[in-house]
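Accompanying notes for the structure given below.
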Amino acid sequence: MKKLLLLTLLLCPLLIITSCKKDDVSGPEGTFTDSRDGHVYKTIKIGTQTWMAENLAYLPSVNSSNQGSSDEPLHYVYGYEGSDVNEALASANYLKYGVLYNWEAASNACPTGWHLPTDDEWQQLEAFLGVSEDELDDASGRGTVEGDMLKSKTGWFDNGNGNNESGFSALPGGMRYISAYSGKFTDIGEWGYFWSSTGDRTTHRWDRSLSYNSSLIGRYAYALAYGLSVRCVKN
């Protein structure tokens with residue numbers, strides 16, 4: 001009994017005035033440099049996974065929102081409707097939110113040593129943060145407060161910010177939306193959408209969605225021609 005008391009006092013010397021602090025959700029922060037363009041990304045360890053803590057910003061070419069394809073790789077910068085990569089790279093939305101990719105582009109966009117997360121890898125992240133196992137496969141908003149744990153502390157519309165307890169630092173980069181005849185950019189500041197590599201059918205892939213007015217994590221199936229953000233996870 002004396003040994004147990006001594007160990008407790010050594011581990012938590014302030015026990016007599018406060019309780020031991022719960023371990024942080026996130027682990028060590030780091031950086032990664034993409035050799036393709038020299039872009040430096042913040043990284044974060046969450047559980048046993050290491051994620052980029054910024055949206056992927058690899059931009060080998062750029063397309064306007066009215067250009068769409070389900071099988072050719074296309075890259076978008078929110079609000080930019082030209083074709084000059086250097087102009088797109090200098091835009092404020094690129095610098096803050098990175099690139100929107102259709103799924104064909106997203107599937108091969110991550111640098112060597114990293115990859116587009118599967119739906120299972122997203123679920124592993126969510127389960128670690130606290131989403132119940134019963135909800136993981138739901139196609140809807142899931143969890144309770146886990147969305148806030150992923151969202152950055154600033155940058156979301158109408159003060160819909162998160163607490164970023166995970167260190168994931170998600171921002172609302174919007175999407176390239178498709179309609180019956182063309183596409184358009186929408187939802188910047190309000191929603192963040194992130195591809196997975198796994199689909200519910202051949203024409204769609206699961207995403208993860210975060211909203212300014214919700215603390216939940218959405219899981220929805222988007223057609224391959226949509227333009228969504230990418231978060232890479234380490235191999």
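FYI, side chains are in, hydrogens and waters are out, and symmetry mates aren't considered; it's all heavy atoms of this structure. Only a predicted model underlies this, so the values are computations on that prediction, with no experimental measurement involved.
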Open item on the list: Are the side chains of Val230 and Leu116 in contact, using a 4.5 Å heavy-atom criterion?
Closed with: yes
Open item on the list: A side-chain contact here means heavy atoms from C-beta on lying under 4.5 Å apart; do Val99 and Asn55 qualify?
Closed with: no
Open item on the list: Side chains of Val77 and Leu100, heavy atoms from C-beta outward: is any pair under 4.5 Å?
Closed with: no
Open item on the list: side chain to side chain donor-acceptor pair (under 3.5 Å) for Glu72 and Asn102? Distances and angles first, verdict last.
Closed with: CA-CA 8 Å; Glu72 297 292 330; Asn102 74 349; over 6 Å; no
Open item on the list: For Gly173 versus Tyr78, what's the shortest heavy-atom pair and its separation?
Closed with: O-CD1, 3.5 Å
Open item on the list: On the six-membered ring of Tyr58, is Arg36 placed so that its NZ or CZ lies under 6.0 angstrom from the centre and within 45° of the ring axis?
Closed with: yes
TODO: For the pair Tyr101 and Trp103, evaluate ring pair (Phe, Tyr, Trp, His ring centres under 6.0 Å) and give the outcome as yes or no after the intermediate values.
DONE: CA-CA 6 Å; Tyr101 302 84; Trp103 189 84; over 10 Å; no
Task: Heavy-atom side-chain proximity of Met149 to Asn164 below 4.5 angstrom - done: no
Task: Glu190 and Asp158, any side-chain heavy atoms less than 4.5 Å apart - done: no
TODO: Could you go through the side chain to side chain donor-acceptor pair (under 3.5 Å) check for Glu81 and Ser65 one step at a time?
DONE: CA-CA 6 Å; Glu81 300 290 7; Ser65 63; 2.7 Å; yes
- [ ] Please state whether the rings of Trp122 and Phe194 are parallel, tilted or perpendicular, taking 30° and 60° as the class boundaries.
- [x] tilted
TODO: Return the minimal non-hydrogen interatomic distance between His204 and Ala221, and the atom names on each side.
DONE: CD2-O, 3.7 Å
TODO: Can you sort out the partners of Arg231 under salt bridge (charged side-chain N to carboxylate O under 4.0 Å, His left out), two or more places apart, ordered by chain and number?
DONE: none
Task: Trp191 side chain reached by Leu210 side chain, heavy atoms, under 4.5 Å - done: no
TODO: Would you check if the side chain of Glu54 reaches a backbone N or O of Lys42 as a donor-acceptor pair within less than 3.5 Å?
DONE: yes
Open item on the list: Does any part of the side chain of Tyr76, heavy atoms only, come nearer than 4.5 Å to the side chain of Phe185, both counted from C-beta?
Closed with: yes
Open item on the list: Which heavy atom of Leu171 sits nearest to which heavy atom of Trp156, and what is that distance?
Closed with: C-CZ2, 3.8 Å
TODO: Could you give me the CA-CA distance, side-chain angles and deciding distance for Tyr193 and Asp187, then say whether side chain to side chain donor-acceptor pair (under 3.5 Å) is met?
DONE: CA-CA 10 Å; Tyr193 305 89; Asp187 290 346; 2.5 Å; yes
Task: Where at least one partner belongs to residues 216-225, residue pairs that pass side chain to side chain donor-acceptor pair (under 3.5 Å), sequence neighbours excluded - done: Asp119-Arg219
Open item on the list: For a side chain to side chain donor-acceptor pair (under 3.5 Å) check, start with the C-alpha distance between Ser211 and Asn213, then their side-chain angles and the critical distance, and finish with the verdict.
Closed with: CA-CA 5 Å; Ser211 171; Asn213 61 359; 2.5 Å; yes
TODO: For residues Ile44 and Ile46, determine if any side-chain heavy atom of one lies less than 4.5 Å from a side-chain heavy atom of the other.
DONE: yes
Open item on the list: Given Gln123, which partner from the list Thr198, Asp137, Thr118 fulfils the side chain to side chain donor-acceptor pair (under 3.5 Å) test?
Closed with: Asp137
Task: Nearest heavy atoms of Val233 and Thr50, plus distance in Å - done: CG2-O, 3.3 Å
